[in-house]
Structures are given as structure tokens and as C-alpha cells.
Amino acid sequence: MTSRARWLMLLGLVGLFGGVLRGQVLLSLLSLSAFGWILFEWFRFQMRVHFELPRLRFERFINGRNEARGSLWVGRLVHIELRLTSSVAIQPVLQIRDVVPEILELQIDLEVQPPQDSVLDKKHRFAERSWKRIEKFAEPKVNVQPPNQWSIETACTKAEFKYSVHVRAAGELALPGVRLTLEDPFGFFRVHRFVAVEQRFLLLPDYYQAGELRPTIKRQNSLPQHGIHRLQRSGTGAELLELREYAPGDPPKSIAWKVSARRDNLMTRKYESEVPVRVHLFVDGSFSTRVGGYGLRLLDQINYVAASVARAAISVGDPVSGVLVDETRVQRLPWLAGDRGFLQLTKALAEFSHARPLAAKSTTPYLQLCAMRVCHERYPELLARRYHPIPFSFFASTRELYRLCGVLAEVFKLSPYEHVELIHDREKLGFYLQELLHQAGLPWMAPMILTPPDPAVSGAQRMQLLGDSMAKAIAHARDNEVFVVLADLLSCGPNLSQLLRVVKLALAKHHRVAFVCPTTTFLRPTAEAIEPKSMSMNDLLLAAEQVRVRDIALLMKRELMRLGVSVTFSGERPAIQMVLAEMDLARDGRTLLQGARS
Amino acid sequence: MFIELCQLLVIGLFLELLLFEGTEVIWLIRLGVIAALLAGILKSQGWFVLLALQASLFLREPRRSEMYFGVVPVLFCVTVLAIIAYTYLGRSFRMRLSEWLVGQLRPVFSAMENLKRTSEQESAETHWMLFSGARLFVWFVLVVVMMILLQRLPLTVSMRSEWLRSSIENDLTVWPGASLLVVAIMLVVVFREMAWRQMSAAQASLYMKSSFMLYHYRDLRMIVLRRLKLKRAGLSTSVDKRTLVKRSSESEARK
């Protein structure tokens, strides 16, 4: 019952009482009629709740298919269609909202109406302005209707709703269902329900399709046994593929002297690459790479670069392997080739991107508030007081906590003992609240993250894990291998020495190593980036962050470049180009980066 | 816009008639009250209208010892309920009503023929107009029922004596309260039963769990708080498999 109905009932009762006492016929009749009207509406509303709502059936189609499981690509437009059917006529007003997790971006159309004053004459304009003022007084709030929300305002038995979303980041998507709000036309009564229409999707990372892949014909693309080399060095195949201009770093023996003399320009022979260049991707999925909104995390940039490099390598027949590292585990992927291999890799990246955060040690009021909002959205029927008896308390906040714990106990199927434990143990409550928010698809941001790990400890741990993984990969490596480390090195600069030993080993074994370190601001640490655009707080903070990043980046770059390793502090196309250039070098057998793609 | 303004003017006129008919209130106060009520209507505050009319009736309606009803009170009540409903239906209804009125007036004014409406708009307007008609009928029936109820209930002295006499003569209950109570309890039982039967599996499970927890809350709380206290003090309290094995081996050793 809403406040409208409560006020009317109260006035009806008071008026009836006064009218009967004073013997005022019309007052009594009017008050009793108002009271009776509310009762009639209540009865009608109850009938609708009990007979109309259970008969509603929903079906959701994603890109024209209604399968319960599937996969979607990041960055692409997804068309969603929701179909509603009922065996009885659906009476207005019924509000329907398809619950969309944060990993999907709704396409909200904010159309601005052009002013039409010029058409109107002065008198008309005055009248228009006056009416606008009255309208503004009557309805001051102008709400933009989200595309995933609709209202049924005429009786019908079936309806279709369509909207589009963008996928923001790789991971897992769970579309839980539809939230319904049933109201009577006068707004006296309102009830919320949630109808489960569950569909799960794996969100595969987006990739950049490199346009100019160099011609590489491979008649034999198989790796010889360990220690057996088909050719003396990589890139010098038996069959000539093409002639191109000389670039610094090309071996002198590959120069076509006769052709160079004819053209008066040094030309180099390029041979068929008969040896596959194996690419190792080391993906860092530690805490610092996962924090932030979907699509803006470092891990999203890492996934993009990893998927793009894998696509480019697989498309020319080079196998790709992956090592996915976070604080707790190291997941090693087998050698993958072909389209199926690429799909396996992207699936592994998507599953790796969907991890639950570090367990919270306690809870905060904000965390509880957010969890309560999620409960109101997804479990409105469990919050109904009639079905949810709670211990007595004078304080509203305590009663709210009891209610929240009850819903958690039901959702996670806890025993009554665990239910009481939830009420009194903050650590346990924090854990389950976090789990609830994680299931609801909230990103690793406040309030889900309460205690970030110590950067020094986690940095050392991460470098240790990465170093060990690389060392294992080097131990099993053959010729012409490229090691691509996609990690947030900026947050663990002091611990880089642990990794450098392994990098030196890789270089000593004639492998290529490339470091891709994405930054949070998507800006390269250049001199221009550190100048604040204005004196506003945000710009100053951004500039300060750029200065910090630039200093660390320069130091790190100097140290790595000294060893002969390629480094980029970007998670976008330049990083992909750099890795592809390294692969070219490994394929050609050249030693310098100049002349390679950049 | 113009038609919405006209609607409000008509409502204002009705309110003026309902509130100040037969009174000698100066026009400035009348205008002020009507303006305030219209503002309440624009803000969808229907209780404001009901309160004003109740206050007006409370102050100016003469006291009577007998309940007497006619057509005028019925029309009065239906009009008031319609105004309150109009207020709560909000701006969307006002716009629909305007569109419907324009649609009705189209044949009369040829200048308005260029206003074309879609079939969806037309069906929505038809639905809302049917809804309005049905509601008017419902209110009419409701007011008549309430009127009969008021006449039947022993509210005045004469009615009470009449009830007493008829009750003694018919050998029925002296006071209708008992019958009313039975009907009320029956209705409550029916609706509660309906509500329980519509409960979902999750709601039933939650109810069972919460009720159990509520009955044993004090005991469970005592155990939980004790264990938490020991846990904070650094002692393990969990009864896991190892502890159970250890305990059983110890008890066997003692034997």
C-alpha cells in the first residue's frame, strides 16, 4: 500500500467517525465511499497479483537466439529482445525492467528537443511559457527512460521489447531475469516481483585484426624435435619469397648484390619462413589489473593486446601458448593453433577475467547499502515482511541488517546457525555480501573492495610467479620463440630485478622478449601528458599521476632497453604493433628493430 | 495544452460548486482555495481535495438526527471520487483525455483534420475511456452500497432503538457487531489463505528458516557469540573432522 492509499484511508476513517458522531449524513457517506473505494481497489489489485502475475511468461532472445548459454564478443553490439506472453489479459500499469549487469553498456538516447519559440507569436509564447511553468511545477522530474525498461499501459496478452547493448569487457555475463512492478492505475498499491529468465554468456575479448600481415608461406610448419634444427638460423629458408629494401639489422649474407647493383639501392632477399615462431603470452591478472570499471581496467587492455597478438600469430600459422598468472594461481594453456585454438585462448582469457575479489575482512555501511539495493532489485519477494519474520529491535538499521542476513541465508542456502552467525560475525557477513555483489556483476570497485593488498608484498609475489613461469617456459622452449609479458609492471617497479634474471636467460638463448605495460590513464608517459590542462582538481590529479607514471616508466624502460628488450607503456594498437615487430624479427632472423613494422 | 487548461478550469468550476455552493464566502478566498486545490491536483495530491471537501462539509453541513439520503448525495460523492481519481491518474491521463476530446471534436472542426493518430494511440485512448466509464459505474454502485450500509447500521438514536426492537422481535443478535465480526474474520481468513497458497518456494523456505531461527535465536546467538569470543582470543572452536577424530581417539584411549 502506498502513502496515497494510507492518506485516503485515514481521511476516510476520520471523516466517517466525525460524520457519525455529529450526525452529518453527506460527510459520513463521502468518507465511507472513499474508504470503500480503497477497499475495492485493494481487492481488485489482489486479484491481479494472484491471478495475473503468475501467468506471465518471459523469453529473452540474444541476437535472435534464446539459448541458455553462449558467447559474445567484447565491443560488438548485442541486440536483445524480450517477449512477454500471458494466458490472461495483462492490465495496466505493469512496469517491466530487464536487469542488465554493469558489464553491459546500455545505449541511452538523450534526444534534445529543439526550441520552437521562433514559430510562436508573442502572446502564444507567453501562454506557452506560463504553461511550461505550471507543467514544471506539476512534474519537476524529467526521467530519461532506460532502454531496458518499459511500461504496459493498455491491456494486452503479448508484447515484445527490444534494446541494444555494448559489451564492455571480457568475462562472464549472467542475465538474471526481469523485475516487474505491478501497480493499480491510481497508484494506491504496488508490488515488486522478480521473474528469473537466466542466461549465461562468456564474453570473449575483442581483438585487432592487423591489416598488413606480411606474406609468409610455410610448406612445412612443424616443429622439429628438441635440439634438431632444420636450418642453421631462423628466417633463412631454402625458397626465395620476395625482395625488399635493405633495413639495418638484416644479415649481410641475405643481400642480393646483383639486384642491388642494378637498382643502385641495397636489396635484401626474404626467404620463406619454414619454422614456426612460437609465441608465449604471460598475462598478469593480479589485483591492480582488475580494479576499476569494466572496460577501463588494465586487464581489459591486456586482454585486447593478448587476443590481437594471438590472432595475428595464429593467422600466419604460428602457435600460441598462454600463462595466466594472478596472486593465487598459475594457469598454463597448451600450444594453440588454428581458429579453434584462438577460440580456446579467448575463452581462457574470458574465464580468467571473471574472478571473485579477495575476501573482505569486515563490512561497511556502504557495502550493506549496495547489497540491500541488489536484494531489492533481485529478491523483492524475499524482503516482504509477511514471509520474513525477524528478531525484534528498536533500531531500523538493525532490522534492515536482520532482513539482509535473512535474504543472504536463503540465497546461499545457509543453516539457521550460519544465519545467526551472519548477523553477529562481520567477517562472514562481509564475505557473503561481497559474493552477492560479485554474482550481481559489480566490478572490482568500492564498495566491493574493502582491503587492497599491500603493493610491496603483492608486487614481489607477482614478480616471483611471473619469473618462475617464464623460467619454466624457457626450459621447455625451442628455437625462435617470442615471450610477451603483459603485466602491470608500473606498480611493482622495485621488484623488477627478480624478473630481469629470467629475461637475461631468455635473451641469452636467442629468444625475443617484449614487455607490454598498460597504464590506467590510457596516455603514453610523454612530456605533454604531464602538463595539467587546467587548474581543476581532476586535471591536477591526472597530471600528478602522469608524472609518477612517467618517472617509473622511464626508469624501467631504461633498464629493460639496456638488455635489448622491447617495452611499451600502452595497452592499445602501438603495443600490438610492437609485439608483431618482435615476431617479425624472430621470423627473419634479424637483430635490430629498425625496418620492422612499428 | 489548451484542452488540458480547459480540463483544469472545469475541475475548478466543479470544486467551486462543491465547496462554496450556497455560502457567502468572499471571492478572493474562493479563488485562493480553488487555486490551492488545483495546484494539489497538478501535484497529484488527491487527499488534499478530499480533506478540503470533508472540512467544508464538517463546517457547513447541518446536523440531523435521522439519516436521509437522496440522489444529490450520490452524485456529490461520485463527483468527488471522480475528481480524486482524476488527480491520481496524473498528467498522462490528462493528455489522453485531451487527445480523446480532440478526436471527438475532429469532425466538427475541419481544421484539426491534419492531426493524425496511430492505431496504438487510438487503442490506448479507447482503453482509458472504457476504463473511465467502468470506474464511474463502479463508484456509482459503491456509493449506493455505502448509502444502504449507512442506513442499515444503527448509528443514530432512533436507528438503535429500531434495531433493538427488531432484534428482540426476530430473536436475532442484538447488535450487528457479531455478524460483522464473523464476516470480517471470514474475509481475513480467505485472503490470508489465498496469500499463503500463492507463496513461492523461496518465500516458503525463507519463512521456515526465519521462523526456526527466530524461535531459537537466543540460544543460537549465545553459541555464536561465545565462539566468536574464543575465536578473537585466538582459540579454534570449529569442530572439524580432525578434532572429532582426535576426540574419539582420546576417549578410546581413556577406556
Practice task
Verify side chain to side chain donor-acceptor pair (under 3.5 Å) between Ser205(B) and Glu410(A), making sure each step is shown before the conclusion.
Solution key: CA-CA 7 Å; Ser205(B) 165; Glu410(A) 176 53 35; 2.7 Å; yes
Exercise for the section: Starting from the C-alpha separation in whole Å, work towards a yes-or-no answer on side chain to side chain contact (heavy atoms under 4.5 Å, CB included) for Leu8(A) and Trp37(A). Expected result: CA-CA 10 Å; Leu8(A) 275 191; Trp37(A) 179 33; 4.1 Å; yes
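When the candidates Val74(B), Val78(B), Leu81(B), Leu149(B) are compared by the number of heavy-atom contacts under 4.5 Å with chain A, Leu81(B) comes out ahead. By number of non-hydrogen pairs under 4.5 angstrom with chain A, the leading residue of Trp47(B), Trp196(B), Phe58(B), Phe76(B) is Phe58(B). In terms of heavy-atom pairs under 4.5 angstrom with chain B, the leader among Tyr402(A), Tyr387(A), Phe35(A) is Tyr387(A). For the set Ile84(B), Thr87(B), Val72(B), the count of heavy-atom pairs under 4.5 angstrom toward chain A peaks at Ile84(B). Put simply, of Gln45(B), Gln203(B), Met208(B), the one with the most heavy-atom pairs under 4.5 Å next to chain A is Gln203(B).
Judged by distance alone, with hydrogens and angles left aside, the side-chain atoms of Ser415(A) form a donor-acceptor pair with the main-chain N or O of Glu418(A) at under 3.5 Å.
Residue Leu142(B) touches chain A through its side chain alone, counting heavy-atom pairs closer than 4.5 Å. Only the side chain of Pro54(A) comes within less than 4.5 Å of a heavy atom of chain B; its backbone N, CA, C and O stay farther away. In this structure, the portion of His419(A) lying under 4.5 Å from any heavy atom of chain B is its side chain and not its backbone. Of the atoms belonging to Phe188(A), it is side-chain heavy atoms, and not backbone ones, that fall under 4.5 Å from chain B. Using a 4.5 Å cut-off between heavy atoms, Leu206(B) touches chain A through backbone and side chain atoms alike. Only the backbone of Ala409(A) comes within contact range of chain B, judged by heavy atoms closer than 4.5 Å. Residue contact with chain B, scored on non-hydrogen atoms closer than 4.5 Å, involves the side chain of Arg44(A) exclusively. For Leu10(A), no part sits under 4.5 Å from any heavy atom of chain B, backbone or side chain. When heavy atoms are compared at a cutoff of 4.5 Å, Phe392(A) does not approach chain B at all. Interface remark: Leu220(B) contributes backbone and side-chain atoms alike to the contact with chain A (heavy atom separation under 4.5 Å). For Tyr379(A), no part lies near chain B; criterion is any non-hydrogen pair under 4.5 Å. Only the side chain of Ile423(A) comes within less than 4.5 Å of a heavy atom in chain B; its backbone stays farther off. For Ile41(B), no part lies near chain A; criterion is any non-hydrogen pair under 4.5 Å. Heavy-atom distances place the side chain of Val138(B), and not its backbone, under 4.5 Å from chain A. The contact between Val143(B) and chain A is made by backbone and side chain atoms together, counting heavy-atom distances below 4.5 Å. In this structure, chain B has no heavy atom under 4.5 Å from any part of Glu183(A).
Classification of the Phe412(A)-Tyr432(A) ring pair by plane angle, with boundaries at 30° and 60°, yields tilted. Under the 30°/60° scheme for interplanar angles, the aromatic rings of Phe131(B) and Phe186(A) are found to be tilted. Classification of the His216(B)-Phe212(B) ring pair by plane angle, with boundaries at 30° and 60°, yields tilted.
Residues Leu182(A) and Leu180(A) fail the side-chain proximity criterion, which asks for heavy atoms closer than 4.5 Å.
Here Ile90(A) contributes atom CD1 and Lys158(A) contributes atom NZ; the two are 11.5 Å apart, rounded to the nearest 0.5 Å. Atom CE of residue Met47(A) and atom CH2 of residue Trp42(A) lie 10.5 Å apart, to the nearest 0.5 angstrom. Here the straight-line distance linking atom CG of Leu429(A) with atom SG of Cys405(A) works out to 5.0 Å at 0.5 Å rounding. Taken from CG in Asp425(A) to CG in Leu225(B), the straight-line distance is 10.0 Å, to the nearest 0.5 Å.
A salt bridge does not link Glu41(A) to Arg48(A): none of the charged nitrogens lies less than 4.0 Å from a carboxylate oxygen.
Of the N and O atoms on the side chains of Gln54(B) and Ser31(A), at least one donor lies less than 3.5 Å from an acceptor on the other residue.
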